[in-house]
Amino acid sequence: MSEAQEQYLETAITNRRFKHADLQPLIQKHADVFQIEKLGESIEGRSISSLDWGNGPTKVMLWSQMHGNESTATMSLFDLFNFLKANGDEYDDLRALLKNQLQIKFIPMINPDGAEAFKRRNALDIDLNRDAISQISPEAQILKNTRDKFEPEFGFNLHDQQIYYNVHNTPKQATISVLAPAYNEATEINDVRKKAMQTIAGMNEVLQQVIPGQVGKYDDEFEPRAFGDNIQKWGTSTILIESGGYTNDPEKQYIRKLNFMIILNALHQIATKGYEQYSTEQYFAIGDNDLQLMDLILNEVLVPVGEKLYPVDLAIRRRDVTAGESYYMTSSVEDLGDMQVYFGIETLDATGLKYTEGKVYETEFENLDALNGEKAIDLLKEGYLAVKVKNATKNDLHGLPILILNTIKEYPSGWMTGATPNFFLTKEDKLKYAVVNGYLIDLDNPKSQEFKQRVL
Ligand SMILES: [Zn+2]
C-alpha cells in the first residue's frame, strides 16, 4: 500500500500548514466521483464539507483535524481520494470491494478556523474535543448532527499528538498511537467497542512491519466531553488515530503515508469483516503510550555553582512556533538532575564536559547574506554563540547554526529549568560542543541538520 500512496499522493499539499482555501479546489476536483455536501460553516464562516463514496451496506465516517494544528491525516485523506477515484491499475478489485461493501463519509478539516492560525482550538478558543455534549461550537454541532443523521457503524477520529510520545519505557517514538475509546466510566467492552479494538489490532499488525515498536496505545480513561468517547457511546465503533513524530520527518510526510496505509487496511477489514480474526487481547498487547521523550538529553554535564561543579543530566525540548506559512523553534531546559526516566531523541554522554557561556561577536554584520553555515560554525569554534546583524528584522526566519541578534545585545542562556539552552560544552577549556537554541552541534564534526531559527 506504500507504493499506492506514492502513486496517488496529492501533490498540491506538501507541508503541514495548508489552509482551508488550499483544500477547496481539491475537494471540488473530486465532485465527479464523490458526492460533496456542505455541512455548515465554522465560526469565521469557512465551509465544512463531506465527501461521500461507495454504495455498500456498511457505513463508515472519518473526520480529521478537529484540532486545527493536527493536519497529518487530512493530507492522507486527500491521497486516499485520489486513490479511490482512480481505475485501471492493480487495485481495481480492492476499490470494487470497498465500493460495494461500504458507504464512506469523509469530513476533512472539521476545525478550519484553527487550521488558519495553525492552533489547536477553534475561533471561540474552545477545544472541540471537549464540546461533544454541550456543542457550543458550530463545528461540534456539525460533527454531532452528521453522525446522528448518517449513523455510521464505524468512525475514525483523526488527530496528531506531540512528538514526545513514546512507547512506555522504551526510547521508541510513538509514531502512530491508537485507542478504542471507552464509552463509560467503567471502561467496559461491548460489541461496539470490541469491533474497534479488533480493527485496531489488525492495523497494528500492518504498522509493526514498517515501524516496529513504534505504535502506542492510549489510556482508556473515560472523558465525558470528548467526541471519541461519546461517538463510541452513541453506537459507532470508534477508532482514534494519533500521528506522532518520526525521525527526520518534521512535515510528517512519512506519517501521512502510514495513515493512508492503515486507513485503507481498516476499510478493507471492515468491508470483509476481517477484523473478526483479531482479539481484544491483541489490542491490549499494544504497548502503552507515554510522554518520556526529549529532543536532546545531555548526560552528566558539569554545571558550576559557586566554586563547585555538579554533574547533571539536562533534558531539552524544542517546540515549533508558527510564523506565517512557516515556523521557528524555541527551546528550553525542561528538567535536570537524574533524567533516567526520559529518553532523548538525541542523546550525548557529556561526562567530563563543562557548561561554558558563549560570547557575542564584537563586529556587527551588515546583513544576513554576509553569513552562511560554514562561517557560523567558524565563529562558534572561536567561542561566539551570537552575532549582531544590522539590517535584519526581529522574528525574521533563518537557518543558521548561530544566534542572530538585532534588537537585543545579550542573548538568553542558562542550564536551569526554563532557561534557553545556549551554551558551550568544554573539556579542559577546549570547546567541544555548542548548544544553540537547543540544537546540539559537534564542533569537531558538525553534522548536517536543519535549523529553524528567528532573529532575536
Ligand atoms: Zn487532537
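When a ligand or atom number is given, it counts from 1 through the structure's own listing order.
The side-chain tip of Lys85 does not point at the ring of Trp53 from less than 6.0 angstrom away and within 45° of straight on. Because its NZ or CZ atom is both nearer than 6.0 Å to the ring centre of Tyr8 and within 45° of the ring axis, Arg95 counts as a cation-pi partner of that residue.
Ring pair Phe78/His30 is tilted by interplanar angle, where 30° to 60° counts as tilted.
For the Zn ion (ligand 1), the set of protein N/O/S atoms nearer than 2.8 Å consists of His67 ND1, Glu70 OE1, Glu70 OE2, His159 ND1, ordered by chain and number.
Interatomic distance, CG of Leu39 versus CG of Asn145, reported as 9.5 Å (0.5 Å rounding).
The distance between the ring centers of Tyr275 and Tyr283 does not fall below 6.0 angstrom.
When each of Thr280, Thr238, Asp220 is tested with Arg193 by the rule side chain to side chain contact (heavy atoms under 4.5 Å, CB included), just one qualifies, namely Asp220.
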